[in-house]
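Heads up: the structure comes next, in structure tokens.
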Amino acid sequence: MTHRTAAPAAPDHPGTTAPAPPRDGDSRWLRAFPASGEPAARLVCFPHAGGTATAFTALAAALPEDIGLLAVQYPGRQERRAEACADDIVTIARRTAAALAPYTDRPLFLLGHSMGALAAFETARLLEEHGGVARLFVSAARPPAHDWEEPDLATLHDDDLVAGLRRLGGVPDVLLVDPELRAEVLRLLRADHRLLQRYRCAPDTVLTVPVTVLLAADDPKNTLEQVRDWSRHTTAGHTVEVHPGGHFALTEHAADTAELLGHQLHKDLAARTTGPGTAPGTSPGTELVSEIYLAGPDGSTTLLSTDLTTLQEAAREVLPPSAYGYVAGDAGTGGTARANRAAFDRWRILPRMLRGVTRRDLSVRLFGRDLTAPVLLAPIAAQTVVHPEGELAAVRGAADAGVPFVLSCFASHSMEEVAAAAGPQPRWFQLYWPSDQEIAASLVRRAEAGGYSALVLTVDSPAFAYRPVDLDHGYLPFLHGAGLANFTTDPVFRSTLPPGADDRTVAGHWAAVSANPALTWDRLPWLRELTDLPILVKGLLHPEDARLALAAGADGVIVSNHGGRQLDGAAAALDCLPAVRAAVGDSVPVLLDSGVRTGSDMFKALALGADAVLLGRPYQYGLALGGRGGVRHVLRCLLAEFDLVLAQSGCGNVRDITRDLLVPAGPLGHDGALI
């Protein structure tokens, strides 16, 4: 992330960045900090009680170069000391909204700290009807309908008030030692606290833009429980970001704050990029549907169907029988794969109406990182079987759609090549634990060096599966050189080969070391000690195995039966999900793999306890039919359908998906019970 360099300090404020000259229509209510070029968006910052615009100087310097910063200057500050402080929060909001009018040519993101959160909330209400506000950030602030239970500072002695400020932090001690400066700080603080005591919005007051609460982990004044009800004041999604530091971490740790904000701003800006004829800020579902309908019957940009369940048969037409069989084939009679689909069909969505949902937030947070939607591309081996570019085309298509990619240990391109193709998009690495411990350690270290942010330890393949279609074709891609790249590029694996080893010898040695059927739970702590990356154990169905995984050092689990490719007659993954969730508790990330085909499937999985899902074979069919573009098409359709399922079900974000929105398949009586 590129950051701007701070401008020379202003002579009258040593150590601060000089505000830029006012632009036409600007007022004394704003301080504009310089940015290089025309910004892609602007962050509008509202100070805390007693605070000034200069509180955001360091943040302005640390933000990415394409983000401008405007700081609100409350009346009665600095050169305006002779002016009386504002009478109420609404007055501040009204004057600020008027001052922001010249800046609405770019998306505005509002950020309010403490009392400033209320001013930012009211300003967002005034501006949102013009579509100028993209998101509201609030820090160190209880919801606007709550009584903040602030003491009457007019009744506190100056010394007691100063002692409280020192405990809270955020005010330089030099301002509290000098008598004149101290008197000015306390004057402003008391005036602003009168605003807090006077302000309270109605409990049903809502914004139509998303709200993100920034909660400092060591804030002595605010807790997660106190800020939870911010979710009631938006119809467009609500998230809480817990970050290190105390009450004033927002400004005291400007670099960390800038990184957190910059990531969210860029994600929101990317989401606002729309297709032909769509309005700014449209959702994935609205965007895709509008794009297709506006193009008309003859304007389709793809030959692929939007019904993802039909792509398997289309892929059969273009792939050699052996390649198609490898991708589509199941273990034994295919009973497990059929059970996976039947499990989804046994549930029905019970939507809620008139929820006022105008926009949806699909994002989730896993292992400290924000994902644009609760889906990742599952690890699938030897992808050059279906397309010459294999994993490189797949990871590029995933990046186009903003979806993380899980690279198979048995890939046809090395993890370094795939990392280069992925760019900044998040990616995870799947590990099949080799029988040679040194090779296992080498693979993990390479994944760390390659920017992979999690390890997916797959444990449900202790032996070759009995897959009749592959056996009938006599086809295993690894014996033809596909799927070995992470091993043939590994220095430890290569050092174990005999001199002059030919392809057959390499494949034979890979087959001898790539699996570890003797692996037991007591080996997992070794892997936990080897790496700081989050470890997810994939391939679990039994709740006791999930508990054992966590006890041995895993950070999360993936409920999966390998899509029905390993064991015929196994339990459906979705059927096992609720018990696994109950076994590990609410705080452990649980993902679901196996059988996901549609946006409704995603919804059902999340309602039954998953934090996210893995999508497997459908994207391989897209890869076979259209390479990178085919993968992107599959993901756009999946996310569009999921987005519209949220809308139809009355959910503004992923956190609104709850178990009571599902019922077993079958007729319902008048009381809502299954007949």
Side-chain angles (χ1 to χ4, degrees), residues 19 22 25-33 42-57 59-60 69-104 108-130 132-133 135-148 150 152-154 170 184-202 205-207 209 211 213-214 230 233 248 250-251:
D26 194 9
S27 80
R28 55 187 178 170
W29 281 79
L30 297 176
R31 295 293 180 266
F33 289 84
R42 295 183 177 91
L43 181 68
V44 184
C45 297
F46 295 72
H48 53 278
T52 67
T54 55
F56 299 100
T57 297
L59 179 60
L69 187 141
L70 301 170
V72 177
Q73 184 67 60
Y74 303 144
R77 268 62 170 181
Q78 296 182 19
E79 71 270 25
R80 300 163 61 192
R81 288 180 184 176
E83 182 176 347
C85 293
D87 291 329
D88 57 70
I89 295 288
V90 175
T91 296
I92 291 176
R94 187 172 61 251
R95 297 293 299 272
T96 304
L100 287 171
Y103 296 93
T104 54
L108 297 177
F109 294 80
L110 274 52
L111 166 62
H113 182 240
S114 191
M115 184 198 80
L118 302 181
F121 176 79
E122 286 293 338
T123 304
R125 291 181 63 196
L126 295 171
L127 291 175
E128 68 178 348
E129 64 185 72
H130 305 295
V133 179
R135 180 178 293 268
L136 172 66
F137 295 91
V138 294
S139 168
R142 299 190 193 184
H146 281 204
D147 180 359
W148 283 28
E150 292 286 337
D152 185 357
L153 300 192
E184 178 64 7
V185 169
L186 298 186
R187 177 185 77 87
L188 298 176
L189 188 61
R190 286 184 167 118
D192 286 345
H193 270 248
R194 286 195 294 272
L195 306 188
L196 285 175
Q197 292 174 322
R198 295 170 183 165
Y199 175 86
R200 191 88 56 83
C201 79
T205 306
V206 295
L207 298 173
V209 299
V211 174
V213 178
L214 306 176
W230 272 102
H233 295 284
F248 286 95
L250 183 77
T251 51

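Below, each value reflects all heavy atoms present in this structure, side chains not excepted, and no hydrogens, waters or symmetry copies.
When all heavy atoms of Cys45 and Leu59 are compared, the pair lying nearest together is SG-CD2, 4.2 Å. Asp88 and Thr91 make their closest contact through OD1-N, 2.6 Å (heavy atoms, listed as atom of the first residue, atom of the second, distance). Of all heavy-atom pairs between Thr123 and Leu100, the closest is CG2-CD1, 4.1 Å. In this structure, Ala99 and Leu30 approach most closely via the heavy-atom pair O-CD1, 3.5 Å. The minimum heavy-atom distance between Leu136 and Ala120, with the atom names listed, is CD1-CB, 3.6 Å. Between Arg95 and Trp29, the shortest heavy-atom distance links the atoms NH2-NE1, 3.1 Å.
Residues meeting the ring pair (Phe, Tyr, Trp, His ring centres under 6.0 Å) test with His233, sequence neighbours left out: Phe121.
Atoms CD and OG1, on Glu122 and Thr205 in that order, are 7.5 Å from each other to the nearest 0.5 Å.
Side-chain atoms of Leu118 and Pro144, non-hydrogen and from C-beta on, do get closer than 4.5 Å to each other. Counting heavy atoms from C-beta on, the side chains of Val44 and Tyr103 never come closer than 4.5 Å. Within the 4.5 Å cutoff, side-chain heavy atoms of Arg42 are placed close to those of Leu108. Contact annotation: the side chain of Tyr74 approaches that of Met115 to within less than 4.5 Å [non-hydrogen atoms, C-beta and beyond].
In summary, of the residues considered (Leu43, Val72, Leu250), a side chain to side chain contact (heavy atoms under 4.5 Å, CB included) with Phe56 occurs for Leu250 alone.
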Evaluate the side chain to side chain contact (heavy atoms under 4.5 Å, CB included) criterion for residues Leu214 and Leu111: first the C-alpha distance (whole Å), next the side-chain angles of each, then the deciding distance (0.1 Å), finally the verdict.
-> CA-CA 10 Å; Leu214 306 176; Leu111 166 62; 4.0 Å; yes
Step by step, work out the side chain to side chain contact (heavy atoms under 4.5 Å, CB included) result for His113 and Thr251.
CA-CA 9 Å; His113 182 240; Thr251 51; 5.6 Å; no
